[in-house]
Amino acid sequence: MRHAILGAGGVGLALGAALARAGHEVVLVMRESSRTRYRGVIDVHSRLHGDLSAEARAVERLDEPVDVLWVTVKAPALPAALARVAPRLTPDSVVPLLNGLDHPRALRERFGARQLVGAILIEAERTAPGRVTWNSLYADISLATTAAGTGTDARTVAGRGEGTEARDAEGTEARDGERRLARLAGLLAGAGLGCTPRRDPASVLWHKLVLLLPLALATTAADGPLGIVRRRPELAALLRDAAREACAVAAADTVVVDDRNLRHTLDTLPGRTDTSLHRDVTAGVRPTELAALTEPVLRRARDHGVSVPALAELARRAAEQERRVEPPAPHRSIHRKGETS
């Protein structure tokens with residue numbers, strides 16, 4: 001199969017290398033500034049998995065047919081990234097692996113039912129064009145179709161009719177979505193990547209966000225990895241409370257997550273665990289995905305009447321840290337790491 005990776009950051013490069021090593025054709029869609037420094041090979045460095053290299057072409061604009069389009073940019077870079085995909089292209093499957101809750105609607109408007117909803121758990125950082133350090137033992141992708149009758153994205157899909165014709169169309173769309181899901185799960189397994197199919201697209205997004213959001217805010221507020229957060233009792237308490245609050249908002253949005261298991265996960269993660277939000281803030285990358293992570297959750301908390309004082313306080317501290325760091329010089333790209341996840 002032919003795959004395009006829109007966003008050659010940490011996630012995109014790790015994913016592209018795994019697919020290429022499994023025998024798939026991979027093309028990276030890069031900005032010109034990165035493409036001119038890319039030598040045609042993805043180099044993955046990992047003390048846990050071992051180093052590997054895989055050949056992959058790079059283009060500045062995607063105007064050739066592909067079977068799967070993987071969208072791995074950060075949310076602030078999404079509009080500009082989509083402008084580098086020819087409007088006439090109709091990949092069989094479009095899989096966004098962005099963080100947050102709001103991006104599926106925009107992608108659904110562009111790609112229709114071909115878009116699935118995805119999330120990835122991985123710790124990977126681009127160190128140079130085509131070079132990535134994969135720091136986590138895991139690389140797990142959750143997927144759901146947007147044609148299901150439940151979930152955040154499915155509930156907001158516009159243009160549904162009523163009657164037998166509409167139900168028949170929805171049934172066909174659902175079957176096509178399940179076909180895409182099964183095929184992607186198989187090829188990911190063949191590439192050595194974990195894949196968890198879910199019935200509800202909202203569940204895919206929330207199960208990652210309830211872990212990522214408190215962790216990203218706390219590490220950014222602490223200006224250090226999780227071990228630094230744990231050494232500061234007040235911040236560690238805010239992290240645990242924020243995780244519980246995030247689960248409460250998810251539950252109000254019809255997605256149940258066990259907050260005890262989540263807090264256990266936070267308690268047992270290695271102290272070196274860091275987040276791309278913290279790395280981007282520290283590097284002076286602007287814009288970061290801080291707003292894309294926090295605003296949808298805080299908005300839903302207000303809509304559902306859920307109290308989230310710990311999340312709000314961590315968001316305030318993270319924003320303060322973002323303001324404190326001097327942005328890059330004008331000649332530097334504001335998205336130097338803006339395409340990692």
Side-chain angles (χ1 to χ4, degrees), residues 1-46 49-74 77-78 81-86 89-98 107 111 114-116 118-134 136 138-141 143 180-195 335 337-341:
M1 294 179 66
R2 178 179 291 180
H3 299 257
I5 310 289
L6 183 60
V11 167
L13 290 173
L15 175 63
L19 291 171
R21 292 272 291 187
H24 297 275
E25 182 180 352
V26 175
V27 57
L28 305 174
V29 186
M30 293 181 167
R31 298 183 310 277
E32 182 181 5
S33 59
S34 295
R35 188 173 60 84
T36 56
R37 294 182 289 151
Y38 174 63
R39 61 185 186 88
V41 175
I42 303 174
D43 290 317
V44 181
H45 173 67
S46 174
H49 301 274
D51 296 347
L52 63 89
S53 297
E55 293 185 358
R57 294 186 298 113
V59 297
E60 185 179 350
R61 177 179 171 81
L62 183 65
D63 56 8
E64 60 189 77
V66 294
D67 298 299
V68 186
L69 173 63
W70 300 88
V71 185
T72 58
V73 296
K74 293 287 184 65
L78 180 60
L82 290 177
R84 301 201 302 274
V85 178
L89 286 187
T90 56
D92 182 70
S93 300
V94 178
V95 188
L97 298 178
L98 288 73
L107 287 163
F111 297 106
R114 294 186 300 277
Q115 181 231 329
L116 283 76
I120 184 170
L121 290 175
I122 188 174
E123 190 176 347
E125 181 180 6
R126 191 194 79 157
T127 55
R131 296 184 181 181
V132 58
T133 299
W134 182 354
S136 58
Y138 51 83
D140 295 315
I141 296 175
L143 294 174
R180 293 184 178 95
L181 193 62
R183 183 166 65 167
L184 287 171
L187 71 86
L188 288 171
L193 301 172
C195 181
H335 291 293
K337 291 184 182 177
E339 294 186 350
T340 64
S341 294

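Contact annotation: the side chain of Leu188 never approaches that of Val95 to less than 4.5 Å [non-hydrogen atoms, C-beta and beyond]. Two residues are said to be in side-chain contact when any heavy atoms from C-beta on lie closer than 4.5 Å; Ile5 and Val27 fail this criterion. Side-chain contact between Ser34 and Arg126: present, with at least one pair of heavy atoms (C-beta onward) separated by less than 4.5 Å. Pro96 has its side chain within reach of Gln115: a pair of non-hydrogen atoms, C-beta onward, lies under 4.5 Å apart.
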>> His3 vs Ser93, test: side-chain contact (heavy atoms from CB on, under 4.5 Å). Steps then yes/no.
In response: CA-CA 10 Å; His3 299 257; Ser93 300; over 6 Å; no

> Do Ile122 and Leu193 pass the side-chain contact (heavy atoms from CB on, under 4.5 Å) test, and can you show the C-alpha distance, the side-chain angles, and the key distance before you say yes or no?
Replying inline: CA-CA 10 Å; Ile122 188 174; Leu193 301 172; over 6 Å; no

> Does the side-chain contact (heavy atoms from CB on, under 4.5 Å) test come out yes or no for Val94 and Leu6, once each step is laid out?
Replying inline: CA-CA 10 Å; Val94 178; Leu6 183 60; over 6 Å; no

>> Please determine whether side-chain contact (heavy atoms from CB on, under 4.5 Å) holds for the pair Leu69 and Phe111, giving the CA-CA distance in whole Å, both sets of side-chain angles, and the decisive distance to 0.1 Å.
In response: CA-CA 11 Å; Leu69 173 63; Phe111 297 106; 3.9 Å; yes

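For Ala86, the side chain to side chain contact (heavy atoms under 4.5 Å, CB included) partners are Arg61, Asp63, Arg88, Leu89, not counting sequence neighbours. Every residue two or more places apart in sequence or in another chain that forms a side-chain hydrogen bond (donor to acceptor under 3.5 Å, both in side chains) with Glu64 is listed here: Arg57. Shown here are the side-chain hydrogen bond (donor to acceptor under 3.5 Å, both in side chains) partners of His45, two or more places apart in sequence or in another chain: Asp51. For Ser136, the side-chain hydrogen bond (donor to acceptor under 3.5 Å, both in side chains) criterion is met by Trp134, not counting sequence neighbours. Under the rule for a side-chain hydrogen bond (donor to acceptor under 3.5 Å, both in side chains), the partners of Arg2 that lie at least two apart in sequence or sit in another chain are Glu25.
Atom-to-atom distance recorded for Cys195:SG and Ile120:CD1 is 10.0 Å, nearest 0.5 angstrom. Here the straight-line distance linking atom NE2 of His24 with atom CG of Leu187 works out to 5.0 Å at 0.5 Å rounding. Separating the CG atom in Leu13 from the CE atom in Met30 is a distance of 6.0 Å, to the nearest 0.5 Å.
The heavy-atom pair separating Gly16 from Val26 by the smallest distance is O-CG2, 3.7 Å. The two atoms that bring Leu19 and Ala191 nearest to each other are CD2-CB, 4.2 Å, heavy atoms only.
For the pair Asp67 and Arg183, the salt-bridge criterion is not met [side-chain N within less than 4.0 Å of a carboxylate O].
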Run the side-chain donor-acceptor check on residues 36-44: report pairs under 3.5 Å with partners two or more places apart or on a different chain.
{"residue": "Thr36", "atom": "OG1", "partner": "Glu32", "partner atom": "O", "Å": "3.3"}
{"residue": "Thr36", "atom": "OG1", "partner": "Ser33", "partner atom": "O", "Å": "3.3"}
{"residue": "Arg37", "atom": "NE", "partner": "Ser33", "partner atom": "O", "Å": "3.3"}
{"residue": "Tyr38", "atom": "OH", "partner": "Val41", "partner atom": "N", "Å": "3.4"}
{"residue": "Tyr38", "atom": "OH", "partner": "Ala56", "partner atom": "O", "Å": "2.7"}
{"residue": "Arg39", "atom": "NH2", "partner": "Asp43", "partner atom": "OD1", "Å": "3.2"}
{"residue": "Arg39", "atom": "NH2", "partner": "Asp43", "partner atom": "OD2", "Å": "2.5"}
{"residue": "Asp43", "atom": "OD1", "partner": "Ser53", "partner atom": "OG", "Å": "2.7"}

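Looking at Arg180, its side chain does come within 3.5 Å of a backbone N or O of Asp92 through a donor-acceptor pair. Checking side-chain atoms of Thr72 against main-chain N and O of Leu97 turns up no donor-acceptor pair under 3.5 Å.
With a 6.0 Å radius and a threshold of 12 heavy atoms from other residues, nucleotides or ligands, Arg131 has its CZ atom at or below the threshold.
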